[in-house]
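These notes concern the structure reproduced below.
Ligands are counted one by one from 1 in listed order, and the atoms in each one are counted from 1 as well. Because the structure is a prediction, the values reported are computed rather than measured.
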Amino acid sequence: MSALIDLYARIAVCPDCDLCQSRNRAVPGEGPEEAEIMFVGEAPGFYEDQQGRPFVGPAGRFLEELLASIGSRRDQVYIGNVIKCRPPENRDPLPKEIEACRQWLSCQIELIKPKVIATLGRYSLAWFFPDESIGRVHGQTCYRDGICFLPMYHPAAALHAASMRRTIEEDFRKLPAALEEARKGPREEVAEPEQMRLF
Ligand code: URA
């Protein structure tokens with residue numbers, strides 16, 4: 001069994017927070033183990049909780065459109081979430097839920113070793129860069145630990161707002177160049193902690 005499949009089996013029965021009581025299915029994430037691009041969303045919603053797959057509702061359809069706009073498909077990228085179980089009524093994830101779930105996304109990143117991580121929405125950005133604001137850094141790349149990060153707004157935010165839609169479309173168009181750059185290898189990382197923030 002691959003380490004990723006083994007991880008999925010562990011996530012499926014994870015008892016580490018109260019969401020295990022209300023979930024229908026945990027949503028570990030999906031995509032090729034060798035994916036170069038990883039999308040990290042926030043949390044499963046209604047449809048994801050039913051199917052056990054990430055981004056299968058309206059936001060997922062928009063994500064697929066965005067992927068098509070850069071000549072890609074969802075089966076070529078890895079798609080995961082900060083938390084693996086649906087919060088009741090799709091409420092925001094609680095800090096304790098995010099912390100209880102932290103190990104799973106960390107393991108996924110270690111196994112997949114993506115070259116680019118596109119964070120979707122503020123919870124995903126905060127998972128990696130707690131002090132950054134999405135309004136300030138969306139659409140800008142930043143290297144950390146040899147990974148290129150490209151923060152974006154959440155596709156669900158764009159579903160009913162035309163201007164937000166244009167912003168995400170623009171940010172998405174930066175992905176191919178970000179990947180091209182990341183394939184050349186990690187940029188030199190600066191040693192001074194206060195200069196680590198490249199955004
Ligand atoms: N929104 C998310 O953040 N993740 C999903 O899987 C679906 C909707």
Side-chain angles (χ1 to χ4, degrees), residues 4 7-8 10-12 14 16-17 19-20 22-32 35 37-69 72-109 111-112 114 116-130 132-135 137-139 149-161 164-165 167-169 171-172 175:
L4 199 54
L7 189 70
Y8 294 165
R10 287 159 57 212
I11 293 173
C14 172
D16 289 352
C17 80
L19 296 180
C20 70
S22 53
R23 73 178 171 222
N24 279 301
R25 297 179 65 168
V27 181
E30 67 183 22
I37 299 179
M38 178 185 241
F39 290 91
V40 179
E42 178 179 316
F46 174 83
Y47 297 100
E48 292 76 21
D49 174 69
Q50 296 286 316
Q51 296 183 34
R53 297 181 59 209
F55 282 94
V56 288
R61 277 195 292 282
F62 184 39
L63 181 60
E64 287 173 20
E65 266 179 50
L66 290 164
L67 282 164
S69 76
S72 186
R73 296 186 316 264
R74 68 179 288 150
D75 62 357
Q76 296 174 314
V77 298
Y78 195 87
I79 305 177
N81 280 305
V82 166
I83 65 169
K84 312 303 188 198
C85 297
R86 181 192 182 210
E89 312 302 324
N90 294 350
R91 65 156 167 73
D92 289 344
L94 303 175
K96 64 181 177 187
E97 293 161 354
I98 294 171
E99 282 323 301
C101 222
R102 183 167 283 276
Q103 53 165 333
W104 302 128
L105 182 55
S106 296
C107 286
Q108 284 170 311
I109 294 168
L111 290 172
I112 293 157
V116 176
I117 294 181
T119 61
L120 302 174
R122 62 196 170 97
Y123 284 93
S124 176
L125 175 66
W127 197 91
F128 297 97
F129 300 97
E132 285 300 350
S133 112
I134 184 122
V137 302
H138 73 90
F149 288 86
L150 180 55
M152 302 190 198
Y153 285 106
H154 196 287
L159 285 176
H160 308 291
M164 186 65 87
R165 194 182 172 99
T167 303
I168 298 192
E169 286 168 349
D171 290 349
F172 225 86
L175 254 180

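Ion pair Glu30/Arg74 flagged as a salt bridge, since at least one NZ, NE, NH1 or NH2 atom sits closer than 4.0 Å to an Asp/Glu carboxylate oxygen.
Using cut-offs of 30° and 60° on the angle between ring planes, the pair Phe39 and Phe172 is parallel.
Judged by distance alone, the side chain of Glu48 and the main-chain N or O of Gly45 form a donor-acceptor pair under 3.5 Å. Of the possible donor and acceptor atoms, none in the side chain of Ser72 sits under 3.5 Å from a partner among the backbone N and O of Leu67.
Among residues two or more places apart in sequence or in another chain, the side chain to side chain donor-acceptor pair (under 3.5 Å) test is passed with Glu99 by Arg102.
Listed by chain and residue number, the protein contacts of ligand 1 are Gly41, Glu42, Ala43, Glu48, Pro54, Phe55, Asn81, His154 (heavy atom within 4.0 angstrom).
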task = With side chain to side chain donor-acceptor pair (under 3.5 Å) as the test, would you mind laying out the steps for Tyr123 and Asp92 before giving the verdict?
result = CA-CA 9 Å; Tyr123 284 93; Asp92 289 344; 3.2 Å; yes

